[in-house]
Amino acid sequence: MSIEHNSKITFTVGLDENRVPEEISWNAEDGGIKNEASKAIMLSVWDHKKKDTLRMDLWTKDMPVDEMKQFFHQTLVSMANTFERATNDEKMSATMKDFCDYFAEKLELIDK
């Protein structure tokens with residue numbers, strides 16, 4: 001199998017004098033995204049050699065707490081859905097989704 005096309009996703013993070021994120025933008029030309037502003041990033045990369053997850057979590061200092069709670073909830077729901085598609089483990093996915101419902105209830109979130 002040979003690679004016929006490379007796709008690039010880039011993030012640009014503008015930092016203040018203390019290296020705290022002020023602005024985040026991203027590009028994914030194959031997806032039609034060009035210089036799109038964002039307030040937060042959660043990125044996980046699997047290191048198959050070390051069998052470990054590498055993480056990058058960034059958010060701008062003006063990211064509202066209520067939006068951060070919603071961002072976490074939506075990320076958890078997305079992870080549960082991805083887990084089900086990747087593993088076909090419906091029972092564990094349902095358990096994860098139950099936790100997502102509990103999480104939203106405790107934070108009094110309404111998923112938008």
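The model shown is predicted, which means the values in this text are computed figures rather than measured ones.
The distance from the CD1 atom of Ile9 to the CD1 atom of Ile33 is 9.5 Å, given to the nearest 0.5 Å. A distance of 11.5 Å separates CD1 in Ile41 from CH2 in Trp59, rounded to the nearest 0.5 Å. Atom CG of Asp101 sits about 12.5 Å away from atom CE of Met96, to the nearest 0.5 Å.
Among all heavy-atom pairs drawn from Ile24 and Leu58, the shortest one is CD1-O, 4.2 Å. Contact record, Thr60 with Ser38: CG2-O, 4.3 Å, taken as the closest heavy-atom pair. Taking all atoms of both residues into account, the shortest heavy-atom contact from Asp57 to Leu43 is OD1-N, 4.2 Å. Ser25 approaches Asn35 most closely through the heavy-atom pair OG-OD1, 3.3 Å. Closest approach of Ala80 to Ser93, counting heavy atoms only: O-OG, 3.2 Å.
With 3.5 Å as the limit, one finds no donor-acceptor pair spanning the side chains of Lys8 and Asn27.
Other residues, nucleotides and ligands place more than 12 heavy atoms under 6.0 Å from the CZ atom of Phe83. Within 6.0 Å of the CZ atom in Arg55, the count of heavy atoms belonging to other residues, nucleotides or ligands exceeds 12. Around the CE atom of Met68, the shell of radius 6.0 Å holds more than 12 heavy atoms that belong to other residues, nucleotides or ligands. Atom CE of Met79 sits in a sparse spot, with 12 or fewer heavy atoms from other residues, nucleotides or ligands closer than 6.0 Å.
Salt-bridge check for Glu22 with Lys61: passed, with a basic side-chain N closer than 4.0 Å to an acidic carboxylate O. Lys91 has no carboxylate O lying under 4.0 Å from a charged side-chain N of Asp89, or vice versa, which leaves the two without a salt bridge.
At least one donor-acceptor pair closer than 3.5 Å links the side chain of His73 to the backbone N or O of Cys100. At least one donor-acceptor pair under 3.5 Å links the side chain of Asp47 to the backbone N or O of Lys49. For the pair Thr75 (side chain) and Phe71 (backbone), a donor-acceptor distance under 3.5 Å is present. Between the side chain of Lys106 and the backbone N or O of Phe103, no donor-acceptor pair lies under 3.5 Å.
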